[in-house]
Amino acid sequence: MSLLTLLPFIVLIGAMFLMTRSAKKKQQQAVDMRNQMQPGSGVRTIGGIYATVKEVNEDTVLVDAGPGVELLFAKNAIGAVLSDDEYNRVVHGVEHDLKSDADIVPDDASSLTETDDSSADADDKPVDLGKKDAADEPAGDDAPADDTPAAETKTDAEAKTDAEPKKTDGDSEAK
C-alpha cells in the first residue's frame with residue numbers, strides 16, 4: 001500500500017486524537033475547579049441554582065441556597081465556582097461601581113419630558129389626540145358652502161366605505 005492511500009486514515013486518526021485531547025483538557029479543568037471549592041465559595045449548579053458552599057466531601061457538596069435551605073449535590077452537579085464579586089452581583093444585585101463618573105440613566109422618562117417655564121405657560125391647554133368623525137363635529141363651520149341639502153352630502157366614513165371594493169365570498173359567484 002502506498003502512503004497516499006493511508007493519508008485519509010492518518011488524518012482521521014489525528015483529528016480524533018486532537019478532539020479527545022481537548023475534551024480531556026476541559027474535563028480536567030472542571031475537576032480542578034470542583035476541587036478548589038471551599039466552604040463560603042459561591043457556586044452555580046448545572047441546574048442554575050446559585051448557592052454558598054457549606055461543606056465539601058469527597059463526592060458530595062452541601063450548599064446553602066437560602067435561609068434554612070440546605071441542599072446536597074454531587075460534585076459533578078456544580079457547574080461553576082464563582083468569584084465573590086460575580087456571586088454578589090448575581091445573587092444580591094450588588095454591582096461593583098467601576099463607572100462612578102458615567103452618566104446615570106433615569107428610571108423614568110421625567111427628565112426627557114421636562115420643559116422650560118416659557119413654553120409651559122403658553123401651552124397649558126391639553127391637546128386632544130382623539131380622532132373625530134365628521135358626524136361628531138358641529139355643523140356650524142363645517143357645513144357645505146353650496147345649497148345642497150344635508151342628506152345628500154356624504155360623510156368621510158361613508159365615502160371611504162363606498163370607495164373600498166366590496167368583499168364577497170368567492171364561492172357564491174363561482175356557482
K.L.:
Minimum heavy-atom separation for Ala51 to Ala65, with atom names?
P.N.:
CB-CA, 3.9 Å

K.L.:
Name all pairs fulfilling the side-chain hydrogen bond (donor to acceptor under 3.5 Å, both in side chains) condition that reach into residues 6-20, sequence neighbours left out, sorted by first residue then second.
P.N.:
none

K.L.:
Does atom CG (Leu7) have a neighbourhood of more than 12 heavy atoms from anything else shown, all under 6.0 Å?
P.N.:
yes

K.L.:
With Ser83, which residues qualify under side chain to side chain donor-acceptor pair (under 3.5 Å), at least two apart?
P.N.:
none

K.L.:
Same cluster for Val90 and Tyr87 if Ile/Leu/Val/Met/Phe/Trp/Tyr side chains link at under 4.5 Å?
P.N.:
yes

K.L.:
With Ala80, which residues qualify under side-chain contact (heavy atoms from CB on, under 4.5 Å), at least two apart?
P.N.:
Arg44, Leu82

K.L.:
Starting at CG of Leu3, measure out to CD1 of Ile10 and round the result to the nearest 0.5 Å.
P.N.:
5.5 Å

K.L.:
In Å, rounded to the nearest 0.5 Å, how long is the span from CD1 of Ile78 to OG1 of Thr45?
P.N.:
6.5 Å

K.L.:
With heavy-atom distances below 4.5 Å as the criterion, would you say the side chains of Val63 and Thr52 are in contact?
P.N.:
no

K.L.:
Side chains of Val43 and Met37: does their closest heavy-atom pair fall under 4.5 Å?
P.N.:
yes

K.L.:
Residues two or more places apart in sequence or in another chain: which of them pass side chain to side chain donor-acceptor pair (under 3.5 Å) with Glu70?
P.N.:
Lys54

K.L.:
Report whether Met33 and Val61 are members of the same hydrophobic cluster (ILVMFWY, side-chain heavy atoms less than 4.5 Å apart, transitive linking).
P.N.:
yes

K.L.:
Say you draw a straight line from CD of Glu86 to CZ of Arg89; how long is it, rounded to the nearest 0.5 Å?
P.N.:
5.5 Å

K.L.:
Quick one: side chain to side chain donor-acceptor pair (under 3.5 Å) partners of Tyr50, sequence neighbours excluded?
P.N.:
none

K.L.:
Measuring from atom CG of Leu12 to atom CG of Leu6, what distance do you get when rounded to the nearest 0.5 angstrom?
P.N.:
12.5 Å

K.L.:
State, with a plain yes or no, whether a side-chain heavy atom of Phe73 is found less than 4.5 Å away from one of Thr60.
P.N.:
no

K.L.:
Taking side chain as C-beta onward, heavy atoms only, is Asn57 less than 4.5 Å from Lys75?
P.N.:
no

K.L.:
Kindly write out the residues that satisfy side-chain contact (heavy atoms from CB on, under 4.5 Å) with Asp32, not counting sequence neighbours, or none if the list is empty.
P.N.:
Gln28

K.L.:
Working to the nearest 0.5 angstrom, can you tell me the gap between Leu62 CG and Leu71 CG?
P.N.:
8.0 Å

